[in-house]
Amino acid sequence: MGETPPAATPMSKIQRNLLCTPGGGAKFKEEKIRVTVRMRPLNRKEQAMYDLIAWECLDEHSIIFKNPNQDRPVTPYTFDKVFAPSCSTQKVYEEGARDVALSALSGINATIFAYGQTSSGKTFTMRGITENAIKDIYNYINNKPERHFILKFAALEIYNETVIDLLNRESGPLRLLDDPERGTIVEKLNEEVAKDGQHLRHLIGICEAQRQVGETALNDKSSRSHQIVRLTLESSLRESSGHVKSYVASLNFVDLAGSERISQTNTCGVRLKEGNHINRSLLTLATVIRKLSGGKRGHIPYRDSKLTRILQSSIGGNARTAIICTISPSLSHVEQTKNTLTFATSAKEVVNNARVNMVVSDKTLVRQLQKEVARLEGELRSPELSSSSSCLRSLLAEKELKITQMEKDMEDLRRQRDLAQSQLELERRANKVHKGSNDHGSSVVRCLSFPEENESAIGKHTPDRRKVVGRQAMLKNLLASPDPSILVGEIRKLEHRQLQLCEDANRALEVLHKDFATHNLGNQETAETMSKVLSEIKDLVIAGSSPEEIVTADKADLMKKISQLKNQGNTIASLERKLENVQKSIDKLVSTFGTEETPDSKTQLRRKKILPFTLSNSPNMQHIIRAPCSPLSSSCKAMEPEIENRVPTNNNIGGGTVARLHKDNPRKGDESCNSILSREGSPAARQSKSVDVKKIQKMFKNAAEENIKSFKVYVTELKELVAKLHYQKQLLVCQVLELEANKSANEETDTTGGSPVPWEFLFEQQRQQIIMLWHLCHISLVHRTQFYLLLRGDPSDRIYMEVEFRRLTWLEQHLAELGNASPALLGDEPAGHVSASIRALRQEREYLAKRVNSKLTAEERELLYAKWEVPPVGKQRRLQFINKLWTDPYDMHHVQESAEIVAKLIDFCGSDENSKDMFELNFASPYNKKTWGGWNFISNLLNL
Ligand SMILES: Nc1ncnc2c1ncn2[C@@H]1O[C@H](COP(=O)(O)OP(=O)(O)OP(=O)(O)O)[C@@H](O)[C@H]1O
C-alpha cells in the first residue's frame, strides 16, 4: 500500500481538483466543530460503591452539575447535543455524527472522535458510531448506483507517542512527514480497499484486536492508545453518465485514550507511563482546541504531540468534525467530568473550513484536455474566428507583407551586385586594353604603379592616375556588393595580383640597386672631382685678395669652366637633339661628298641615316660619364661643350680640364677615339681633304660605321648617367654662386671701396634655414651638433653652409618626391624612408640617453632635468631629457643649448678646423638605406 495520511485528504488530489476543474470551484464552508456530550449510566462498580449521579441533563443541549447542598446555583453546560445515559448509540450517531460522517461521501473530510476520561464510554461510543457510519455509508453507496465508490481502510494507534500501523503492527513505528501540499502524512501506512461492509468490519476488527489495551482500576479493558480508523472514500459518476466529477474524502474515527488520575487508576509501571503519555497528548489537544476556540490565529501547538499533528486538518482545518465527549455521571468523577465539559465547551467554538475535494482522474483529465484541444482547433479552422484569431491573422498578414518587402529588397541587392560585377568586368577589360597600350618604360617606375593582372612587361614611365582611379571605382563597386563572398573573392584576386606586382617590383628594385651602384661609382668619381674643384675654390677664396697672376689665371680658368657648366643647361633631351644635329651634319657631309653612289655607298648611307654618329663625341662622352651624377632626376642636364656638336675639324676638342679628366679615367673606346683624332688632326689628312674628296667621304663613312655600334650602348648609358648629374650640378651651381658672390664682393670692394656684404647676417639667416631643414629631414643630432659648433660664421664657412643648405634642400625635396610616389602612401602611412629616418633618429636619442649618466654628474643631470622640465619622478628620465633636445628649430637658444649638451655627451670639442671637411661632400643618398617596404594588401586596408 502507498502512503496514506491518516487524517488528511491528499493535498495533491485536492489541488488537482482546484486547478483542473473548470468552473468547479472550491466551496469553503466555515463550520464549528460539532460537540455533543454523552453521559453513560453508572457502571456496576459505581453502583456497587453507591456513587451518586452528579449531573443532570436539563434538555438535549444542556447538562448541569447537581449541587447536593443547593446553596449555590450552577451554570449548565450547553452543547450541540447532550445525550443522557439512556440514549442509545444509534441516537448519538444520528444526532451527533451521522451528517458529519456522511459528508465524506460528498467529498468533504470528516472526523468523529470521542473525548473523555477513562472508562467514560469512548470506545463503547465510537464502536457504535463507526458501525452506524459504515452502515450508512454502504447504504448510501448502495443507493447511488450511478456513482462508483472506492472505500479504503487504514488504521493506526498512537501508543506512547509512537505511531503504529494497526493493519501491520510488525512494520514498527511509523514516521510522520510534513508535505507542503498534503499536510501531515503517515509514512508507509497500509491502506486496504474495503470490498464491502463486511470486509470493512473485518478490517476494523483486526485493528481493534491489535490495539493496546490494558487493565486499570477504572477499566478492565482500558485503551492505552489513541486509535484512528481512516476510511478514504472516492466516488465518481460512472462513465456512461458523461460526467467527469469525482470526489475524495477521508472519514476519521478517533477513539482517544482517556485521561486518568493516577490516584484513581492506581497505575504504575507501564500503565503509569502510558497514562503520562495519554495525559500529555490530551493536554496538547486541549490546548490546541482552547487556542483555536479563542479565535486567535497565533501559534497553534499542533506539533507538540503526534495526536494533534495527525488531527490538525480535522481541528480547525479542511474537515467537518464532530466531538463526542463522554462523561461519567458519577459524583466521584465530577472533576474529570468538569474537565471534559470544559474541553467540550472550548471545542464547540473551534471553526473548521471544510470544502469539497473534487478531483479529476488522469485519464479523465487527458480526455477532457483532448476535447478542449479539439474545440480550439475547430475554432481556428472556423471561418468565424474569434477575436484572438483575428489578431493572429492580422499579425500573420503583417509578417507576410514584411517578407514580401524583404524579397524585393533582396532582388534589388542582387541587381546591384550584378551591376557591380558588370562594372568590374568592364573595368578589367578597359585596364587590359590600357595596359597593352602602355607596356613600355623603365622597371623602376613600374614598381611604383598599380599594374593589372597578367601584366608581364616592364611598367610605365609615370604612374597611371586613370588606372588608379579606375581601381578605386572598382573597389567601391566591390564594397557596395551585397554578397560578401564576392567581395572577399575579388579582393583575394587583387591580392594575388599584388603579390605578382611585389615580385615585379622587387625585380625592378634590384635593377634600381644595380643602377645606383653604378651611380655610386660615378658619384665617388664625382666627389673626387668636386673635391678638387672645391679645393681650387677654397684656394681661390683664400687667395681672393692675392694679386698673383697665376692665381688670377687659375681663377679665370675656373670661372670659365664653371660658367660653361652653368650655361650648359644640358638635359638628356638637349643632348639627343645635339646628337641628331651631329647626325644631320654627317648626312650633310656625306651627301655633299657622295657624288658617286655605289651599292656599297647606298648601303652605307642608309645605315648612316639609321645610326648616324660622329667621332667627336667620344671624348666628350667620357667626360660626361665621369661627371658628377645623381640617380634621381630624369630631367638632368648634361655638361657638354658646344663644340662637341660640330663636325670634328678642331683637334682641341675637350679642352684642358676635360683632357685631364680623361687622362685620369680612361675608358673603353678611347683608343679608337684617339686613333681617329690623330688621323683627323694630322697634316696629311688636312691635305687629302682638299684633294681626295672620295677618300675623305670614305673616311667619314668608315668612322661613322665604326662608332655606330658603340653609339647605342653609349646612348643607353648616357640616358642612365646623365640623369644622375643633376644633383652634382646643383653643387657646382652652389659653388658658382659662392664664387660669384666672392667675385661680386671683391669687385664691389675694388670699385667702391665700401663695406663688405654683411656675411654675419647671411650666415645667421642660412643657419636658421639649415636648422629648419635638419628638423624636417630628421637629420642626426650628432651631425647637427658638429655642424653647428664648427661653423660659427667664419667667412670660410660660406662654402660649407652653402653645400649643407643645398644638400638639405635636395634631401627635403627628394623625401617629398619619394613619399608622394611611394605605394605605402596608399595606406596613409608615412613613407618607408621617412620612417627609417625617424627610427634612426630615435635610436640615436636612445644612444645619447645611455651616455647621460657617464658624461654628466648627478648634479649636472638634476640641474639639466630641472631646466628642461623633466619630471622629478618617473621612468626613463634620461630619455625624456634627450627627447627634448633639438626639438625647436625656431629657438636659437634652444638649439645652442642642445648642441652643447650633445657635444658633451659625445665628447666633441669643436675646435678642430679640419673637422669642417667632413661636411664638404659627405652625400649619402637615401637609396643606400632604402629597403623595399612591401605592399599593403587590400585586405589589410579594408580590415578583412
Ligand atoms: N453508554 C453506555 N451504556 C452502557 N454501557 C456503557 C456505556 N458506555 C460505556 N459503557 C461500559 O463502560 C465500560 C467502559 O467503557 P469504555 O471502555 O468504552 O470506556 P472508555 O472510555 O473507552 O475507557 P478507556 O478510556 O479506559 O478505554 C465498558 O464496559 C462499557 O461497556
Side-chain angles (χ1 to χ4, degrees), residues 36-49 51 53 55 57 60 63 81-97 112-132 155 157-160 166 204-205 207-229 253-268 270-283 285-286 307 323-330 332-333 335-337 339-341 343-344:
T36 59
V37 175
R38 184 186 193 189
M39 185 169 61
R40 67 170 169 81
L42 291 174
N43 57 28
R44 284 181 295 178
K45 287 185 178 179
E46 293 168 343
Q47 292 175 355
M49 295 175 61
D51 202 350
I53 295 177
W55 298 91
C57 295
E60 292 183 343
I63 186 172
K81 276 293 182 178
V82 174
F83 301 104
S86 59
C87 290
S88 66
T89 303
Q90 176 71 29
K91 184 178 181 180
V92 173
Y93 165 74
E94 291 177 351
E95 296 183 0
I112 303 169
F113 63 88
Y115 177 91
Q117 72 173 105
T118 182
S119 74
S120 63
K122 298 181 295 294
T123 302
F124 178 85
T125 300
M126 287 307 300
R127 284 180 182 162
I129 299 295
T130 302
E131 176 60 29
N132 284 284
E157 70 172 353
I158 302 171
Y159 176 73
N160 293 343
L166 294 177
I204 293 173
C207 290
E208 285 187 351
Q210 297 293 324
R211 187 180 181 187
Q212 295 286 344
V213 176
E215 182 180 356
T216 66
L218 299 179
N219 189 349
D220 298 338
K221 295 182 178 179
S222 176
S223 302
R224 312 310 296 171
S225 65
H226 308 298
Q227 174 186 277
I228 300 174
V229 173
F253 299 98
V254 181
D255 180 13
L256 299 177
S259 59
E260 57 190 28
R261 286 187 171 180
I262 303 303
S263 59
Q264 292 179 333
T265 57
N266 296 321
T267 57
C268 60
V270 176
R271 297 290 173 264
L272 179 61
K273 180 182 177 182
E274 294 168 350
N276 290 334
H277 281 290
I278 292 168
N279 288 336
R280 188 178 300 122
S281 62
L282 290 175
L283 179 62
L285 175 62
L307 175 67
I323 299 177
I324 302 172
C325 295
T326 58
I327 58 174
S328 167
S330 148
S332 60
H333 301 299
E335 293 303 320
Q336 292 291 0
T337 301
N339 290 336
T340 300
L341 293 175
F343 172 86

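Nothing fancy with the numbering, it's 1 onward along the sequence. Whatever order the structure lists them in is the order used to number ligands and atoms, beginning at 1.
Of the polar atoms of S222, at least one N or O is found under 3.5 Å from an N or O of ligand 1, judged by distance alone. For R40, no nitrogen or oxygen atom sits less than 3.5 Å from a nitrogen or oxygen atom of ligand 1, counting backbone and side chain alike. Distances between N or O atoms of T326 and those of ligand 1 include no value under 3.5 Å. Close N/O approach between G121 and ligand 1 is found [any backbone or side-chain N/O within under 3.5 Å].
At a heavy-atom cutoff of 4.0 Å, ligand 1 is contacted by the backbone of Q117 but not by its side chain.
Across Y115, F83, F124, heavy-atom proximity to atom 7 (C) of ligand 1 is greatest for F124.
Under a 4.0 Å criterion applied to the non-hydrogen atoms of R38, ligand 1 contributes the atoms 1 (N). Listed by number with element, the atoms of ligand 1 under 4.0 angstrom from any heavy atom of S223 are 24 (P), 26 (O), 27 (O). Against a heavy-atom cut-off of under 4.0 Å, P41 is close to the following atoms of ligand 1: 1 (N), 2 (C), 3 (N). Interface atoms of ligand 1 facing G258, defined by a heavy-atom separation under 4.0 Å, are 25 (O). Atom numbering of ligand 1 starts at 1 in the shown order; those under 4.0 Å from a heavy atom of S120 are 19 (O), 20 (P), 21 (O).
Here the closest heavy-atom approach between residue T340 and residue G116 is recorded as OG1-CA, 3.9 Å. Between T36 and G96, the closest heavy-atom pair is CG2-CA, 3.9 Å. Among all heavy-atom pairs drawn from A257 and L282, the shortest one is O-CD1, 3.3 Å. When all heavy atoms are compared, the tightest approach of T89 to T125 is CG2-O, 3.7 Å.
Residues S120 and R40 have side chains that never bring a donor and an acceptor to within less than 3.5 angstrom of each other. For the residue pair S225/E157, the side-chain donor-acceptor check at 3.5 Å is satisfied.
Counting only distance, with no hydrogens or angles, the side chain of Q47 and the backbone of L42 share a donor-acceptor pair below 3.5 Å.
Aromatic rings of Y115 and F343 (six-membered ring for Trp) have centroids within the 6.0 Å cut-off, being under it.
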